[in-house]
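Nothing here was measured: the structure is a model prediction, and the numbers come from that model. Every chain is numbered from 1, with letters handed out A, B, ... down the list of sequences.
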2 protein chains.
Amino acid sequence: MSIHAQSQAAHQPRFDPLRNVKKGDAAYHAVRRSILLGHTQPGEPLLEQRIAEQLNCSQGTVREALLRLEQDGLVLRRGYRGTVVSTTSMQEAAQMVEIRLQVESTGIRQSTMSIGRDILAELAAITSDMDEAVRALDFYRCSELDREFHMILFRQAALPSLEPILNRCALHIHRFTYLNAETMEPELSFGDNHRALLGVIGTRDPAAACESIKSHIGHVIERWAPLLVQELDRIHTHGTGLL
Amino acid sequence: MSIHAQSQAAHQPRFDPLRNVKKGDAAYHAVRRSILLGHTQPGEPLLEQRIAEQLNCSQGTVREALLRLEQDGLVLRRGYRGTVVSTTSMQEAAQMVEIRLQVESTGIRQSTMSIGRDILAELAAITSDMDEAVRALDFYRCSELDREFHMILFRQAALPSLEPILNRCALHIHRFTYLNAETMEPELSFGDNHRALLGVIGTRDPAAACESIKSHIGHVIERWAPLLVQELDRIHTHGTGLL
DNA sequence: CCGGTTAAGATTATCGATATCGATTTTGAA
DNA sequence: TTCAAAATCGATATCGATAATCTTAACCGG
């Protein structure tokens, strides 16, 4: 499988319109995209040199990207024996949904109280972009925008060390959903869902916002990964009480 | 604050007794140790070059370590402006306890059914080492052994992509507890707790094991971070129902 | 034919040097 | 004097080369 940089800048550093974009970030996003779209399959080896050539950067830069992907849980690095793409089992995906519900529920209560008009506007803009991505059938962009929406919202809760955990969970849930989707029909209700959520947040009612986001996540799972619902039920009948 | 390598190997690669130990790992552990012990305080800057000199390795190797620490949430990298040590607020620590309870409860049910005698023996050995660390008042080693114990146990659940999340949470909880501890008295019951847990696991009763680990975690929190208990209660009165 | 040792090839790990960036200070002309 | 452009400085980001390591396959004595 070959990984392509999304934009190829010639090397006039002084007038590069894409300065400020670090190559390491570009490499990270390129490989991540390839994995999330299933273009590089679980188990497939990722070679630092090869990717470096494809992306026009050095091995060290790719190494940095792979290191980050390992922490995201998307690849497994096996020392001198190479790096391979990981998988997400249904059980893992279900647990990540649980964590996400737990973390986002707490987060949105804080966010609802501290969020400003400017951020709400930004979130509305992202939601519009998402409508566009849905119309263009660009599922990857759709998933990126969804993560961005949730992450910006969560950032308002000022719990920074939980952000990477939430991001990880969202990443894995998206990948699982995408790779196991039974249907690929575009879904405009996605954006409507976010708008409804923004509406509730606007009322500054933490409890309502909390319920709203839980139902949002629940609906998305039901719509895109009905198999996960089954697994989640199985978990709950085991009675995962909290302390 | 200065960071020291724990062992200094001369450079005869062929006869190095510590071969197989990568310098990057050494750097990662050295810096992490320094942060967890509070020797480098939150907000304190970490300079790649300076650490490289202290650890006798190159900047790139330290860079790799800092990258990993960022993913652990222990440092914040601010591009060309340097890296600083992060903090863990009480709210964040409380959320991490919740996540840990959620994840480990599920994990131990699986582990209880699939764990082998050899692993149980390994865990018992780690517990003995922990007794020793407690007697030596070596709290860092104690916390490392505790994490190792829980991680090995969780690994048996075969949910690999959740392992980094659990590890992160355990790391942050340990740091929070250590830096906010009101008492530092050694505690042999720590090891006894683990032995009791192993006993329950030996009965192969998943539900009992689940209760056992929840009570284990609860006891540790109560013992070392009573302030966290208060915060956890606050969370629960908000009614964090799951879907 | 076979078990073990070693050589070769492929890949990661580490290094030292250089390019780039962002903040601060200096400069210089209005 | 003042303010914007330029030089400076401390630091990261990237590179290309080399060392260390693992895997595989060739080799060899029995």
Side-chain angles (χ1 to χ4, degrees), chain A residues 1-3 5 7-31 40 43-71 75-85, chain B residues 1-3 5 7-31 40 43-71 75-85:
Chain A
M1 176 53 216
S2 113
I3 293 162
S7 58
Q8 201 69 265
H11 51 75
Q12 318 99 313
R14 220 169 298 276
F15 301 113
D16 188 346
L18 294 181
R19 69 177 183 286
N20 251 359
V21 173
K22 281 170 277 188
K23 278 196 169 186
D25 290 349
Y28 170 72
H29 287 290
V31 178
T40 57
E44 193 166 334
L46 296 170
L47 306 190
E48 297 181 359
Q49 287 288 12
R50 207 158 80 82
I51 296 174
E53 284 167 25
Q54 291 170 341
L55 263 48
N56 262 76
C57 64
S58 81
Q59 180 211 356
T61 302
V62 173
R63 185 182 173 72
E64 174 183 326
L66 292 183
L67 229 22
R68 289 167 65 183
L69 286 168
E70 180 184 34
Q71 298 289 341
V75 306
L76 256 56
R77 286 167 59 73
R78 307 171 304 172
Y80 292 93
R81 274 170 292 167
T83 300
V84 295
V85 178
Chain B
M1 174 56 218
S2 107
I3 295 163
S7 58
Q8 200 70 266
H11 51 74
Q12 316 101 313
R14 222 168 297 276
F15 302 114
D16 186 347
L18 294 180
R19 71 177 181 287
N20 252 0
V21 173
K22 280 169 278 189
K23 278 196 170 185
D25 290 349
Y28 169 73
H29 286 290
V31 179
T40 56
E44 194 168 335
L46 297 170
L47 306 189
E48 297 182 358
Q49 288 286 13
R50 209 159 82 83
I51 297 174
E53 285 168 25
Q54 292 171 342
L55 264 48
N56 262 76
C57 65
S58 81
Q59 180 210 356
T61 302
V62 174
R63 183 182 175 72
E64 175 181 324
L66 292 182
L67 229 22
R68 288 167 66 182
L69 286 167
E70 180 184 35
Q71 298 290 340
V75 306
L76 255 54
R77 286 168 58 74
R78 305 173 304 173
Y80 292 92
R81 274 171 294 167
T83 300
V84 296
V85 179

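- The side chain of A:Arg81 contributes no N or O atom lying less than 4.0 Å from OP1 or OP2 of C:dT11.
- Residue A:Arg63 holds its CZ atom at 4.5 Å from CD of B:Glu64, rounded to the nearest 0.5 Å.
- Atom NZ of A:Lys22 and atom OG1 of A:Thr61 lie 12.0 Å apart (nearest 0.5 Å).
- Of the inter-residue distances, the one linking A:Arg78 atom CZ with A:Leu76 atom CG reads 8.0 Å to the nearest 0.5 angstrom.
- Of the inter-residue distances, the one linking B:His29 atom NE2 with B:Arg68 atom CZ reads 6.0 Å to the nearest 0.5 angstrom.
- The side chain to side chain donor-acceptor pair (under 3.5 Å) check on A:Arg77 picks up A:Glu48, with sequence neighbours excluded.
- Rounding to the nearest 0.5 Å places CD1 of A:Ile51 at 5.0 Å from CG of A:Leu66.
- Fit an axis to the five pairs at each end of the helix from C:dC1-D:dG30 to C:dA30-D:dT1 and the two axes sit 20° apart, to the nearest 10 degrees.
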Enumerate the protein-to-nucleotides 13-18 of chain C contacts in which both atoms are nitrogen or oxygen and the separation is below 3.5 Å.
unit_1 : atom_1 : unit_2  : atom_2 : d
C:dA13 : OP1    : B:Lys22 : NZ     : 3.4
C:dA13 : OP2    : A:Arg63 : NH1    : 2.5
C:dA13 : OP2    : A:Arg63 : NH2    : 3.2
C:dA13 : OP2    : A:Arg77 : NH2    : 2.6
C:dA13 : O5'    : A:Arg63 : NH2    : 3.4
C:dA13 : O4'    : A:Tyr80 : OH     : 3.4
C:dA13 : N7     : A:Gln59 : NE2    : 3.3
C:dA13 : N6     : A:Gln59 : OE1    : 3.1
C:dT14 : OP1    : B:Lys23 : N      : 2.4
C:dT14 : OP1    : B:Gly24 : N      : 3.4
C:dT14 : OP2    : B:Gly24 : N      : 3.4
C:dC15 : OP1    : B:Lys23 : NZ     : 2.6
C:dC15 : OP2    : B:Ser58 : N      : 2.7
C:dC15 : OP2    : B:Ser58 : OG     : 3.4
C:dC15 : OP2    : B:Thr61 : OG1    : 2.8

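- Interatomic distance, CG of A:Leu67 versus CD of B:Glu70, reported as 11.0 Å (0.5 Å rounding).
- Here the side chains of B:Val62 and B:Glu53 are not in contact, with every heavy-atom distance at 4.5 Å or above.
- Atom CG of B:Leu66 is separated from atom P of D:dT14 by 15 Å (rounded to the nearest Å).
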